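Notes to accompany the following structure.
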Amino acid sequence: MNTASTRHILVTGGAGFIGSNFIRLLFEHRPSWQVTNLDLLTYAGNLDNLADVKDHPGYRFVRGDICDAVTVGPLMDAADMVVHFAAESHVDRSIEDSIPFIRTNVQGTQTLLDEARRAGVERFLHVSTDEVYGQLPLDRPDLKFTEATPISPSSPYAASKAASDLLVAAAYHTFGLPCLTTRCSNNFGPYQFPEKVIPLFVERLLTGGRVPLYGDGKNVRDWLHVLDHAEAILTVLEKGTPGEAYNIGGNNERNNLELTHTLIGICGRDESAIEYVPDRLGHDLRYAIDASKIKRELGWEPKRSAWPEALQATVDWYREHAQWRDRITSGAYREGLPKRVTV
Ligand SMILES: NC(=O)c1ccc[n+]([C@@H]2O[C@H](COP(=O)([O-])OP(=O)(O)OC[C@H]3O[C@@H](n4cnc5c(N)ncnc54)[C@H](O)[C@@H]3O)[C@@H](O)[C@H]2O)c1
């Protein structure tokens with residue numbers, strides 16, 4: 001075991017959007033900590049996201065599958081705490097084919113829990129989503145998800161995350177594994193794979209294309225900057241109470257049409273850039289998070305999510321990182337990917 005000043009964190013899915021932002025923030029705030037990043041490098045995992053931290057003396061990358069106990073076991077033995085991001089994360093893909101979601105999000109989470117218990121880790125933080133609560137009506141702005149809202153997922157993605165939440169709760173109740181669960185609203189910011197709405201729309205708008213808007217565009221999401229999310233996760237990891245879930249949100253509800261218009265304005269395009277397309281199957285109407293518990297108990301609140309400034313800064317980031325965008329849209333970042341890397 002390490003001393004408090006040199007904690008060793010096993011991060012799963014650290015080459016993805018939120019995980020890579022979390023690792024960067026962790027090294028800024030806790031420079032003496034060590035991070036092992038276990039990531040399978042699926043289509044969504046990209047080592048370019050971590051180019052600026054790969055030479056940090058406390059960083060190690062392991063390419064591997066969270067479903068593989070043989071890979072996970074020794075990494076758990078070396079870890080003090082776990083932050084579990086790895087997941088299949090795109091709702092539309094889960095509608096096309098849910099099997100990878102069941103495998104990674106459900107079986108993978110259980111494999112991690114079993115190995116964490118065997119190794120006796122101090123804390124296991126499971127990164128989940130507000131989507132496990134299902135949807136809220138559009139005509140009841142007074143309603144928000146609290147941690148007491150029943151789990152009632154709609155999409156195969158949300159159902160797989162809900163299953164993982166319940167397995168985490170079971171590991172706490174049955175075995176006393178010190179688990180924490182965070183449920184966050186929609187994230188935006190740098191390094192997001194351009195299948196999610198903001199980077200997809202920015203890519204299209206910056207390159208003269210049109211943006212596919214689902215249905216009437218009235219579906220509402222709460223938007224939080226990814227570094228606010230990362231900071232909330234570090235707060236819960238250090239100060240949260242095992243067995244508890246914490247909602248994380250930006251108090252920043254926007255419908256998709258409003259989001260699209262704001263992006264069009266920032267990118268200097270006009271209304272003709274919108275292409276209305278058939279709605280997503282089972283599209284949840286509204287998500288809204290009551291994040292008062294994490295503020296009251298742990299003192300966290302968002303600092304970087306002010307709208308539209310934070311969105312403008314995000315578009316600027318994508319504009320200024322044309323090479324990152326080119327490599328990701330052409331798939332070039334995948335060329336020469338090692339089968340297994342332990343650096
Ligand atoms: N993006 C959001 O707005 C949002 C909001 C709330 C919660 N979440 C949750 O946060 C977590 C991270 O989301 P994200 O947007 O960064 O996802 P992402 O798709 O960008 O990244 C997922 C990462 O997990 C890795 N991975 C996938 N399967 C794996 C496996 N079997 N073994 C090891 N690694 C594997 C991928 O290679 C990738 O690097 C997910 O658990 C997601 O459910 C996301």
Side-chain angles (χ1 to χ4, degrees), residues 10-24 36-50 61-69 71-72 75 82-94 99-112 125-133 145 153 155-165 168 181-200 221-230 232-233 245-250 252 287 289 291 305 328 333-334 337 340:
L10 175 60
V11 172
T12 71
F17 166 47
I18 306 173
S20 61
N21 278 286
F22 174 76
I23 290 173
R24 185 172 294 101
T36 296
N37 174 14
L38 170 63
D39 196 299
L40 187 56
L41 298 180
T42 67
Y43 78 94
N46 180 0
L47 291 178
D48 285 355
N49 295 356
L50 290 160
F61 176 67
V62 176
R63 186 175 190 191
D65 188 341
I66 60 167
C67 300
D68 174 16
T71 299
V72 170
L75 303 179
V82 180
V83 181
H84 172 34
F85 294 97
E88 289 293 336
S89 67
H90 191 42
V91 173
D92 290 335
R93 286 179 187 258
S94 79
I99 296 303
F101 290 72
I102 305 307
R103 183 178 181 280
T104 287
N105 301 1
V106 183
Q107 185 190 335
T109 300
Q110 186 60 46
T111 304
L112 292 171
L125 191 153
H126 172 59
V127 179
S128 191
T129 165
D130 59 357
E131 300 193 30
V132 301
Y133 295 123
F145 300 132
S155 71
Y157 161 69
S160 70
K161 292 296 290 187
S164 65
D165 285 22
V168 168
T181 296
T182 56
R183 299 196 179 115
C184 188
S185 58
N186 281 46
N187 285 213
F188 67 98
Y191 302 106
Q192 190 168 26
F193 191 82
E195 64 182 354
K196 307 283 168 59
V197 62
I198 289 181
L200 174 70
R221 300 293 182 260
D222 172 61
W223 289 100
L224 182 78
H225 193 276
V226 63
L227 290 175
D228 277 334
H229 187 189
I233 288 169
Y246 296 89
N247 282 352
I248 302 169
N252 184 30
Y287 304 140
I289 277 274
S305 301
I328 207 165
Y333 75 101
R334 303 199 57 75
L337 270 185
R340 184 182 169 86

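Counting from 1, the numbers follow the sequence of the chain as shown. When a ligand or atom number is given, it counts from 1 through the structure's own listing order. Bear in mind that the values here come from a model prediction, so they are computed numbers and not experimental data.
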Only counting residues at least two apart or in another chain, list the ones meeting ring pair (Phe, Tyr, Trp, His ring centres under 6.0 Å) with [X].
X      : value
Phe188 : His225, Trp307
His229 : none
Tyr133 : Phe145

Residues Glu131 and Arg183 bridged, charged N to O under 4.0 Å
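Answer for the salt bridge query: no.
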Output yes when Asp65 and Arg103 qualify as a salt bridge under the 4.0 Å nitrogen-oxygen rule, no when they do not.
yes
Roughly how far apart are Arg221 CZ and Asn187 CG, rounded to 0.5 Å?
13.5 Å
Which protein residues have a heavy atom under 4.0 Å from ligand 1?
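The answer is Gly13, Ala15, Gly16, Phe17, Ile18, Asp39, Leu40, Leu41, Thr42, Ala44, Gly45, Gly64, Asp65, Ile66, Phe85, Ala86, Ala87, Ser89, Thr104, Val127, Ser128, Thr129, Tyr157, Lys161, Cys184, Ser185, Asn186, Asn187, counting any residue whose heavy atom sits under 4.0 Å from ligand 1.
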